[in-house]
Peer 1: 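A single structure is presented below for examination.
Quick note on labels: first sequence line is chain A, next is B, and so on, each numbered from 1. Note that these values count all heavy atoms, side chains included, but never hydrogens, waters or copies made by symmetry. Please read all numbers here as calculations on a predicted model, not as lab measurements.
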Amino acid sequence: MAVRVRFAPSPTGQVHIGNIRTAIFNWLFARHEKGEFLLRIEDTDLERSTQDAIDKLMDCMAWLGLDYDGEVMYQSRRSADHVVAATELKAKRFAYDGKPDESGRAPVYFRIPVAGDAGGAIRTVGPAERELDARETVKIAPDGVSFAGLSAKGSPMPMACCLAGVRELKLHAADGTELFDLESNLEAVLNGETFTVAGAAKMTFLRREVFYRDLIKGELSKPLDGVKDQIIVRSDGSPVFHLANVVDDIAQEVTHIIRGDDHVENTYRHILLFHALGAPIPQYGHLPMIVNAAGKPYSKRDGDAFVGDFRTRGFLAEALFNYLALLGWSPGDDREKLSKPEMIAAFTLDRVKSSAAQLDANKLLNLNGLYVAELAPETFVELGWKYFLPVAAELRVDRAEFAPVARFMQSRTKLFTQVAEYRYFFSDDYEFDAKNAPKFLGRPEVRKALLAVAAALDAAKSFAAEEVAAILTAVEAAEGFAHGKLFQPVRLAATGANGGAELDQTLALIGKERVVRRIRRALELFPERTA
RNA sequence: GUCCCUAUCGUCUAGAGGCCUAGGACACCGGGUUUUCAUCCCGGCAACCGGGGUUCGAAUCCCCGUGGGGAUGCCA
């Protein structure tokens with residue numbers, strides 16, 4: 001069967017890096033398997049879902065090249081189907097009404113299957129028992145059993161579980177007499193009757209567990225006596241995430257569900273829902289979380305982890321994509337910079353790690369620099385121009401002036417926001433290196449030489465890079481400076497910076513008049529210092 | 001509290017019982033190239049969470065601790 005996966009974000013706020021990483025893995029998996037990558041917007045939380053968030057999400061996906069197949073499914077338009085599914089579950093006795101709220105309306109609970117193996121998802125582990133606090137009563141109700149266990153200190157610990165978790169339940173008094181037998185009363189309980197038993201000191205039951213084989217984490221299981229029945233329709237009639245999610249996955253005929261590992265606990269229930277709804281159970285793969293520099297999972301509140309922010313901060317989509325794909329996955333060899341086709345070819349879920357990964361801003365930056373370096377010059381100019389726009393507007397620089405500077409600076413630009421540092425090519429209004437400018441420009445012999453440089457440059461017939469270099473060399477010799485010793489002061493005077501691209505070319509790009517003017521002005525700005 | 005998951009350099013990772021004296025990358029520190037800075041090249045620092053098993057042999061398998069995360073919602 002052809003692979004069909006989906007990315008199902010809820011459009012509340014901006015997409016963060018953890019969400020989009022999930023999308024990337026789904027996409028990679030789908031493309032590798034030559035299957036389909038579907039998109040479903042889980043916008044059932046009308047309070048918090050906004051069109052703006054949906055637009056931003058689509059924008060981020062397009063930016064990263066996450067193309068999806070087919071039509072987008074909007075979950076909010078499918079509540080009728082969800083409710084129908086709940087009704088169907090009730091008819092099959094897989095669901096029941098809970099206690100009505102103040103307004104008299106009842107929520108609907110999904111009942112963990114009391115009998116059967118749920119299509120191979122439930123297995124019997126064996127007999128089990130648990131000490132109880134005899135001072136507390138045990139309640140056996142249609143929505144499960146509640147009882148009080150014993151804590152290490154001997155105080156009562158309230159606990160509850162679904163009926164399915166305690167098949168063959170028997171309650172015993174401290175002296176061993178049997179107080180209650182579930183099997184003989186099961187039908188009554190299922191039909192709505194509630195029993196209360198006092199004085200029980202021990203419970204014995206048959207332990208059963210839900211299990212499945214996770215594509216990433218391997219076999220996972222959970223004893224049913226640790227699981228409670230789940231509400232699937234609220235008392236106001238609206239479907240809950242679990243129901244909607246499963247019903248929509250069935251509708252979209254999803255074959256593999258790849259999502260964050262904060263969902264593993266839900267999976268046990270979702271599997272049972274699939275089965276109860278008569279649908280084949282999909283394969284699951286749970287991705288490790290991405291944590292921030294503090295080692296904590298990114299939350300929607302983490303302002304610095306929004307995908308859009310990486311874009312505005314000057315990262316390239318290819319670099320972010322590549323970096324994120326490597327968070328929790330590796331191709332198995334030493335490759336770290338991979339193109340999308342290479343990633344698609346190498347991507348398999350069994351190579352995904354199962355422990356959390358921390359985002360390393362340094363490594364991302366380095367990778368971005370690698371991608372920037374290999375951009376075609378025209379592309380670099382085009383992209384860089386967008387980031388330079390605010391500065392360009394302020395300085396009245398047009399694209400034709402920007403282009404040669406950008407081409408010249410590309411190799412040393414790692415992040416597009418760095419194009420703002422090109423400012424000194426166009427404007428005399430730049431910052432001087434606070435430490436080195438006063439130091440170098442204050443030296444008497446340097447000041448004298450700088451004046452000579454300004455004069456020589458002013459008299460130059462051509463201002464090509466080679467000519468500039470020749471002039472600098474000549475003045476250095478004439479003023480008694482070793483070759484290269486004047487470069488730093490000249491750069492400080494003409495650009496304010498202590499380092500930068502090749503000086504001759506930099507000066508040539510800035511232009512003769514400006515350079516000469518700047519050198520002379522710098523000498524006025526910084527006084528002579530004899531010390 | 002209970003249940004589930006998880007654990008290799010600071011960080012991302014390779015590692016499926018002998019190829020491990022634990023490899024690569026980022027960061028960091030040296031050196032070289034660059035008359036500067038960055039790139040680039042060379043070198044260095046740096047890890048199997050702890051304790052028990054199993055085995056001729058364990059980073060790899062099992063158990064117990066400990067740390068981290070998740071769940072325990074009429075949130076998604």
Side-chain angles (χ1 to χ4, degrees), chain A residues 8-10 12 42-45 47-49 75 98-99 101 105-109 149 151-153 155 157-161 214 217-218 220-223 225-228 230-242 244-245 260-268 286 288-289 291 293 295-297 300 323 326-337 350-351 353-367 369-370 373 409-414 418 436 469 472-473 476 481-492 497-504 506:
Chain A
S10 29
T12 56
E42 302 211 330
D43 54 349
T44 44
D45 188 342
E47 301 274 302
R48 296 189 296 151
S49 300
Q75 189 161 67
K99 272 184 266 318
D101 62 8
R105 305 179 65 184
V108 179
Y109 280 83
S151 77
K153 289 191 239 62
S155 49
M157 253 181 354
M159 292 192 259
C161 78
D214 194 280
K217 291 174 179 286
L220 259 24
S221 63
K222 176 109 181 169
D225 51 306
V227 176
K228 283 193 272 187
Q230 166 81 41
I231 288 180
I232 50 174
V233 180
R234 299 186 186 89
S235 33
D236 69 2
S238 62
V240 166
F241 159 74
H242 304 283
N245 193 264
D261 87 12
D262 48 337
H263 278 298
V264 295
E265 298 281 328
N266 295 332
T267 304
Y268 300 113
H286 286 93
M289 306 254 92
V291 298
K296 299 288 173 194
K300 300 225 167 178
Y323 181 75
L326 251 30
L327 231 41
W329 174 79
S330 81
D333 47 40
D334 286 340
R335 286 180 297 165
E336 295 210 328
K337 182 169 174 295
D350 58 3
R351 293 210 53 82
K353 291 239 309 177
S354 56
S355 55
Q358 199 173 92
L359 187 130
D360 182 357
N362 273 326
K363 192 154 182 169
L364 208 207
L365 182 62
N366 179 275
L367 191 59
L370 260 29
M409 295 296 283
Q410 177 175 1
S411 67
R412 56 195 61 231
T413 303
K414 282 186 157 186
Q418 289 172 346
N436 291 299
L472 287 174
T473 308
E476 277 180 326
F481 279 83
H483 185 46
K485 287 295 176 194
L486 227 35
F487 281 55
Q488 195 177 7
V490 169
R491 182 190 296 281
L492 281 162
N498 194 42
E502 290 77 0
L503 223 212
D504 50 356
T506 302

Peer 1: Between A:Thr267 (side chain) and A:His263 (backbone), is there a donor-acceptor pair under 3.5 Å?
Peer 2: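 Yes, because the side chain of A:Thr267 sits within donor-acceptor range (under 3.5 Å) of the backbone of A:His263.
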Peer 1: Taking the side chain of A:Val240 as heavy atoms from C-beta outward, which of B:G1, B:A25, B:A76 is closest to it?
Peer 2: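 So the nucleotide nearest the side chain must be B:A76.
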Peer 1: Are A:Lys414 and A:Asn366 side-chain neighbours, meaning at least one heavy-atom pair lies under 4.5 Å?
Peer 2: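 A side-chain contact exists here, since the closest heavy-atom pair is under 4.5 Å.
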Peer 1: Please determine whether any donor N or O and acceptor N or O are separated by less than 3.5 Å between the side chain of A:Arg491 and the base of B:U36.
Peer 2: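 Per atom types, the contact qualifies.
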Peer 1: For atom P, what is the distance between B:G24 and B:U33, given to the nearest Å?
Peer 2: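 Result for the P pair: 25 Å, nearest Å.
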Peer 1: Looking only at non-hydrogen atoms, find the nearest pair between A:Ser354 and A:Lys217 and report the distance.
Peer 2: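 Smallest heavy-atom distance, with atoms named: O-NZ, 3.3 Å.
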Peer 1: Using Watson-Crick or G-U wobble geometry with both distances under 3.5 Å, which nucleotide pairs with B:C9?
Peer 2: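 Per the H-bond distance test, none.
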Peer 1: Specify the separation, in whole Å, of atom NZ of A:Lys363 and atom P of B:G10.
Peer 2: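 After rounding, the gap between these two atoms is 15 Å.
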Peer 1: Which whole-number value in Å describes the distance from A:Gln418 CD to B:C37 P?
Peer 2: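 Between P of B:C37 and CD of A:Gln418: 17 Å.
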Peer 1: Please tell me which of A:Glu336 and A:Tyr109 maps to the more 5' nucleotide of RNA chain B, matching each residue to the nucleotide holding its nearest heavy atom.
Peer 2: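 Looking at the nearest nucleotide for each, A:Glu336 comes out on the 5' side.
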Peer 1: Using the C1' atom in both, what is the distance from B:G68 to B:G57, to the nearest Å?
Peer 2: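 Their C1' atoms lie roughly 32 Å apart.
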Peer 1: For nucleotides 3-5 of chain B, tabulate all protein N/O to nucleotide N/O atom pairs closer than 3.5 Å, reporting atom names and distance.
Peer 2:
| from | atom 1 | to | atom 2 | distance (Å) |
| --- | --- | --- | --- | --- |
| B:C3 | O2' | A:Lys222 | NZ | 2.7 |
| B:C5 | O2' | A:Lys217 | NZ | 2.9 |

Peer 1: Taking the side chain of A:Arg48 as its heavy atoms from C-beta onward, which of B:U13, B:C75, B:U11 lies nearest to it?
Peer 2: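 Nearest to the side-chain atoms of A:Arg48, counting from C-beta on, is B:C75.
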Peer 1: Pick the nucleotide of RNA chain B nearest each of A:Arg412 and A:Trp329; which residue has the one closer to the 5' end?
Peer 2: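 By nearest-heavy-atom nucleotide position, the 5'-most residue is A:Trp329.
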Peer 1: Determine the contact category for A:Asp333: base if any of its heavy atoms lies under 4.0 Å from a base atom, sugar-phosphate if only primed atoms, P, OP1 or OP2 are that close, otherwise nothing.
Peer 2: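 Answer is nothing: A:Asp333 stays at 4.0 Å or more from every strand.
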Peer 1: What nucleotide among B:A76, B:G24, B:C12 has an atom nearest to a side-chain atom of A:Gln358?
Peer 2: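 Closest of the options to the side chain of A:Gln358: B:C12.
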Peer 1: Rounded to the nearest angstrom, tell me the gap between atom CD in A:Glu42 and atom P in B:A76.
Peer 2: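 To the nearest whole Å, that distance equals 9 Å.
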Peer 1: Under 4.0 Å between a Lys/Arg side-chain N and an Asp/Glu carboxylate O for A:Asp333 and A:Arg335?
Peer 2: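 Judged by the 4.0 Å cut-off on N to carboxylate O distance, A:Asp333 and A:Arg335 do form a salt bridge.
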Peer 1: Please list residues of residues 230-239 of chain A whose heavy atoms come under 4.0 Å from any atom in RNA chain B, ordered by number; otherwise none.
Peer 2: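 Only A:Ile231, A:Arg234, A:Ser235 qualify.
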Peer 1: Output the rounded distance in Å from CZ (A:Phe241) to P (B:C75).
Peer 2: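 Atom CZ in A:Phe241 sits about 13 Å away from atom P in B:C75.
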Peer 1: Within the 4.0 Å heavy-atom criterion, would you say A:Lys485 contacts the bases, only the backbone, or no part of the nucleic acid?
Peer 2: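 Counting heavy atoms under 4.0 Å across all strands, no contact is made by A:Lys485.
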Peer 1: Using the C1' atom as the reference point in each nucleotide, state the distance between B:C62 and B:A25 in Å, no decimals.
Peer 2: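 That atom pair is separated by 33 Å.
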Peer 1: Out of B:A7, B:A38, B:A14, which has the shortest distance to the side chain of A:Ser355?
Peer 2: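 Between B:A7, B:A38, B:A14, the one nearest the side chain of A:Ser355 would be B:A7.
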Peer 1: Among B:U13, B:G10, B:G24, which nucleotide sits nearest the side chain of A:Asp360?
Peer 2: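 The answer is B:G10.
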Peer 1: What is the nucleic acid contact for A:Arg351, judged by heavy atoms within less than 4.0 Å: base, sugar-phosphate only, or nothing?
Peer 2: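 Sugar-phosphate: the residue A:Arg351, judged by heavy atoms under 4.0 Å, touches backbone atoms but no base.
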Peer 1: Counting side-chain heavy atoms from CB outward, which of B:A76, B:C74, B:C40 is closest to A:His242?
Peer 2: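 For the A:His242 side chain, the nearest candidate turns out to be B:A76.
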